[in-house]
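Just the heavy atoms: all of them, side chains too, but no hydrogens, waters or symmetry mates, feed the values below.
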Amino acid sequence: MSPTATSPNATSSTAASPTAHPALAALHAHLNTSLDAAARAWLDQALEEATAHPGTHGPISAWELRIAEAGRRCGHEYADAARVLLLHAAHADTDALTRVYRQGTAAERRAVLHALPHLVPGPDALPLVEDALRVNDTRLVAAALGPYAARHLDDHTWRHAVLKCLFTGVPVDAVADLAQRAHADAELARMLADYAQERTAAGRPVPEDLQRVLALTEPAAEPAATPTGRYDTSGKES
């Protein structure tokens, strides 16, 4: 389950769970049913510490240390989700998120990107998204194109990010709100057509996802005009 996934039937099971956001409550509930007892106990304690002592204390906060050890404690499959919950419990602001991102491993950077829509209401954290889109780590690129990018990334950068998915093999399913943002986007359609032409000219296959995105760029069909003339019983206009 990804750090941004939701489950309508999931609920938080401990007081430390960040229940203010349904998606995060569902994420915590998923971890509670997936982690073993030792990992659950570690996560609950780590969340309690982050909630009780948010912000920065000394050279590095306790919750930042917990983020670093989440992979070892929860396993790599669940580390992203645990880190997102820790960032939320610590009320990490843009400065804290930037610090964790800049100093962290690729996995920790990915968690920061997943946490952005839950923690940063405005575009202040866009430099982190833009940085992730410049690298060739496909998991970072995919994480960068979540709901936060869908809300705040400008059209030019967003279009190039979609093309980067096609270049690098990142499934376009990773692009949040793809259909809404691609709809009737003539410039994106032109860029996709140019890329397809380049691939064809070079004797290389065109990614299947390209045709899918290209179809999304089409504007809605105009409704058929309603005739205004009067018709006799034979169907001829009179």
Side-chain angles (χ1 to χ4, degrees), residues 1-120 125 128 132 135 137-148 171 173-174 176:
M1 186 174 188
S2 75
T4 56
T6 61
S7 173
N9 297 319
T11 57
S12 175
S13 63
T14 72
S17 181
T19 57
H21 295 273
L24 295 178
L27 197 61
H28 194 187
H30 174 69
L31 290 181
N32 281 336
T33 59
S34 302
L35 297 175
D36 61 28
R40 285 198 305 273
W42 176 87
L43 179 60
D44 287 344
Q45 181 178 357
L47 289 172
E48 289 172 359
E49 289 176 351
T51 301
H53 303 288
T56 303
H57 302 276
I60 188 168
S61 298
W63 61 265
E64 292 181 60
L65 295 174
R66 302 295 174 260
I67 284 176
E69 64 180 302
R72 177 167 56 86
R73 295 288 192 169
C74 298
H76 295 297
E77 181 180 356
Y78 303 111
D80 277 9
R83 289 175 175 131
V84 169
L85 294 178
L86 284 165
L87 288 166
H88 183 268
H91 302 290
D93 60 13
T94 302
D95 288 342
L97 291 166
T98 300
R99 183 175 64 253
V100 173
Y101 181 92
R102 299 295 182 194
Q103 298 175 359
T105 63
E108 290 160 25
R109 292 183 173 195
R110 192 168 60 244
V112 168
L113 294 168
H114 284 309
L116 292 181
H118 307 295
L119 292 170
V120 185
L128 304 183
V135 305
D137 184 329
T138 55
R139 296 187 70 184
L140 269 181
V141 172
L145 288 171
Y148 187 81
D173 285 337

Handout entry: Nearest-0.5 Å distance, NE2 of residue H118 to CG of residue L87
Key = 10.5 Å

Completion exercise
Heavy atoms of A132 and L113 approach each other most closely as CB-CD1, 3.7 Å

Practice task
Would you name the heavy atoms of R83 and G71 that are closest together and state the gap between them?
Solution key: NH2-N, 3.4 Å

Handout entry: Spacing of CG belonging to L145 relative to CG belonging to D173, to within rounding of 0.5 Å
Key = 12.5 Å

Handout entry: Nearest-0.5 Å distance, SG of residue C74 to CG of residue L85
Key = 9.5 Å

Completion exercise
CD of E108 to CG of D80, rounded to nearest 0.5 Å, is 10.5 Å

Fill in the blank from the handout: Between D44 and H28, the two heavy atoms sitting closest are OD1-NE2, 3.7 Å

Problem - R99 vs D93 side-chain heavy atoms within contact, under 4.5 Å - result: no

Problem - Backbone of A125 reached by a side-chain donor or acceptor of Y148 within 3.5 Å - result: yes

Problem - Side-chain donor or acceptor of R109 paired with backbone N/O of Y101 under 3.5 Å - result: yes

Handout entry: Within-4.5 Å side-chain heavy-atom neighbours: R102 and L128
Key = yes

Handout entry: Min side-chain heavy-atom separation L43-R73 under 4.5 Å
Key = no

Exercise for the section: Could you check if a side-chain atom of W63 sits within less than 4.5 angstrom of a side-chain atom of L47, using non-hydrogen atoms only? Expected result: no

Handout entry: Within 6.0 angstrom of R139 CZ, more than 12 heavy atoms from elsewhere
Key = no

Exercise for the section: Hey, could you give me the CG/OG distance between L86 and S61, rounded to the nearest 0.5 Å? Expected result: 12.0 Å

Problem - Side chain proximity check, L119 to H88, heavy atoms < 4.5 angstrom - result: yes

